[in-house]
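Please find one structure pasted underneath; my questions will follow.
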Amino acid sequence: MKSALRKTLATAAIAVVPLCAMATPASAASHDVVLDCQANAPIVGPQQATLNQTADVTAPETVAPGGALTVVVDPAPNTVPADVAGYKIKHIKNFALKIPIPANSTFVDASLSGGSGLGSTPPKLTVANGVATLSFPGPLAGGAAFELPTVTANLTAGPSGTIETKLGGTSYADPGLTFDTVVTQIFDITAPTACFPNPSPVFTTTTIG
């Protein structure tokens with residue numbers, strides 16, 4: 001997230017997939033994601049902010065039907081905003097970033113690597129209902145530098161179509177990123193914050209066939 005939050009998958013069956021069914025070749029793209037956020041602060045009411053995150057995303061250009069493919073999402077270093085809407089940010093906590101499992105694919109497994117400045121509890125990745133969620137409790141102090149871990153996801157391609165990777169979230173009511181923002185205004189105020197990519201770019205497209 002590279003300015004204002006600049007500045008978040010083999011099995012035995014895969015092992016017997018012949019080499020000709022594996023995904024190849026790989027392509028990579030760098031994306032600047034703009035996150036439209038709303039912090040629901042008590043007393044002062046909803047506050048809007050725009051946050052950014054840059055990420056390099058790698059996936060194969062093509063994969064055979066039923067073949068294995070790997071998607072790598074590598075977020076760039078970022079910085080927690082020091083303030084928002086005139087309020088000083090003490091810290092953010094309870095961070096959760098949603099990455100949908102792409103249509104026309106099946107999740108196999110995933111791993112996390114790297115990352116820094118995320119607090120004493122390591123981040124984890126959980127998968128449920130077709131969505132992978134990267135989460136950690138933090139806290140991350142306002143103005144502090146951090147880097148989200150790289151997500152390496154192994155998938156199995158479906159029979160046909162395309163496999164597109166992107167972040168989750170379509171609105172404040174259906175967020176792709178959530179966290180609690182604690183701001184200091186005489187006393188500490190905790191504001192649950194919901195964000196979604198606006199616009200929501202397609203990171204990579206892999207053609208099955």
Side-chain angles (χ1 to χ4, degrees), residues 1-8 29-57 71-100 112 114-119 121-126 131-151 164-185 188-204:
M1 302 173 186
K2 207 175 182 180
S3 79
L5 242 178
R6 179 183 191 176
K7 295 270 131 133
T8 193
S30 183
H31 296 271
D32 252 333
V33 182
V34 179
L35 294 161
D36 185 345
C37 299
Q38 179 175 271
N40 288 303
I43 303 173
V44 299
Q47 301 292 320
Q48 276 70 41
T50 298
L51 309 177
N52 298 327
Q53 174 64 55
T54 294
D56 291 330
V57 186
V71 177
V72 179
V73 182
D74 182 13
N78 212 328
T79 304
V80 180
D83 59 76
V84 60
Y87 296 94
K88 181 180 178 180
I89 295 179
K90 182 176 182 179
H91 60 250
I92 64 172
K93 59 182 182 177
N94 302 327
F95 182 102
L97 177 67
K98 296 179 180 180
I99 307 171
L112 301 177
S116 62
L118 304 179
T121 302
K124 63 181 180 178
L125 190 72
T126 57
V131 177
T133 301
L134 172 66
S135 63
F136 55 89
L140 282 65
F146 70 96
E147 184 173 1
L148 297 176
T150 296
V151 180
E164 296 184 340
T165 59
K166 61 192 303 183
L167 290 181
T170 60
S171 65
Y172 300 140
D174 176 34
L177 170 63
T178 57
F179 52 88
D180 292 330
T181 304
V182 179
V183 299
T184 300
Q185 188 72 1
D188 290 350
I189 299 173
T190 299
T193 303
C195 309
F196 66 99
N198 186 20
S200 182
V202 173
F203 295 148
T204 62

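Just so you know, these numbers come straight off a predicted model, no measurement behind them.
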Worksheet item: What distance separates Thr181 OG1 from Tyr87 OH, expressed to the nearest 0.5 Å?
Response: 13.0 Å
Discussion item. Ignoring hydrogens, what is the shortest heavy-atom contact between Leu118 and Pro123? Give both atom names and the distance.
Written reply: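 That would be CD1-CG, 4.0 Å.
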Worksheet item: Which heavy atom in Pro75 sits nearest to a heavy atom in Pro149, and how many Å separate them?
Response: CD-O, 3.4 Å
Practice prompt. Can you see which heavy atom on Pro137 is nearest to which on Thr121, and at what distance?
Written response: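 Taking every non-hydrogen atom into account, CG-CB, 3.6 Å.
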Worksheet item: Got a sec, which pairs hit salt bridge (charged side-chain N to carboxylate O under 4.0 Å, His left out) with one end in residues 71-88, sequence neighbours left out?
Response: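 Matches after skipping sequence neighbours: none remain.
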Item to complete: Please test Asp188 against Lys90 for side chain to side chain contact (heavy atoms under 4.5 Å, CB included), starting from the C-alpha separation and ending with a verdict.
Response: CA-CA 8 Å; Asp188 290 350; Lys90 182 176 182 179; 2.8 Å; yes
Worksheet item: How far apart are the closest heavy atoms of Phe179 and Leu51, and which atoms are they?
Response: CZ-CD1, 3.9 Å
Worksheet item: Hey, are Thr204 and Thr165 close enough side-chain-wise for a donor-acceptor pair under 3.5 Å?
Response: yes
Worksheet item: How many angstroms lie between NE2 in His91 and CG in Leu140, if you round to the nearest 0.5 Å?
Response: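 Here the rounded value is 9.5 Å.
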Using residues 166-176 as the side-chain source, report each donor-acceptor pair under 3.5 Å to any protein atom, sequence neighbours left out, with the distance given to one decimal.
| unit_1 | atom_1 | unit_2 | atom_2 | d |
| --- | --- | --- | --- | --- |
| Thr170 | OG1 | Asp174 | OD2 | 2.7 |
| Ser171 | OG | Ala173 | N | 3.3 |
| Ser171 | OG | Asp174 | N | 3.1 |
| Tyr172 | OH | Asp36 | OD1 | 2.6 |

Item to complete: Applying side-chain contact (heavy atoms from CB on, under 4.5 Å) between Phe203 and each of Asp56, Ile99, Val33, report the one that passes.
Response: Val33
Worksheet entry | Worked verdict on Val57 versus Val71 for side chain to side chain contact (heavy atoms under 4.5 Å, CB included) | CA-CA 7 Å; Val57 186; Val71 177; 4.3 Å; yes
Worksheet item: What distance do Asp180 atom CG and Asn94 atom CG have between them, rounded to the nearest 0.5 Å?
Response: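 Taking CG in Asp180 and CG in Asn94, the distance rounds to 4.5 Å.
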Discussion item. A side-chain contact here means heavy atoms from C-beta on lying under 4.5 Å apart; do Thr178 and Pro192 qualify?
Written reply: no
Worksheet entry | Identified side-chain contact (heavy atoms from CB on, under 4.5 Å) partner of Leu177 from the options Leu134, Thr193, Leu35 | Leu35
Practice prompt. Kindly write out the residues that satisfy side-chain contact (heavy atoms from CB on, under 4.5 Å) with Pro46, not counting sequence neighbours, or none if the list is empty.
Written response: Gln38, Asn40, Gln48
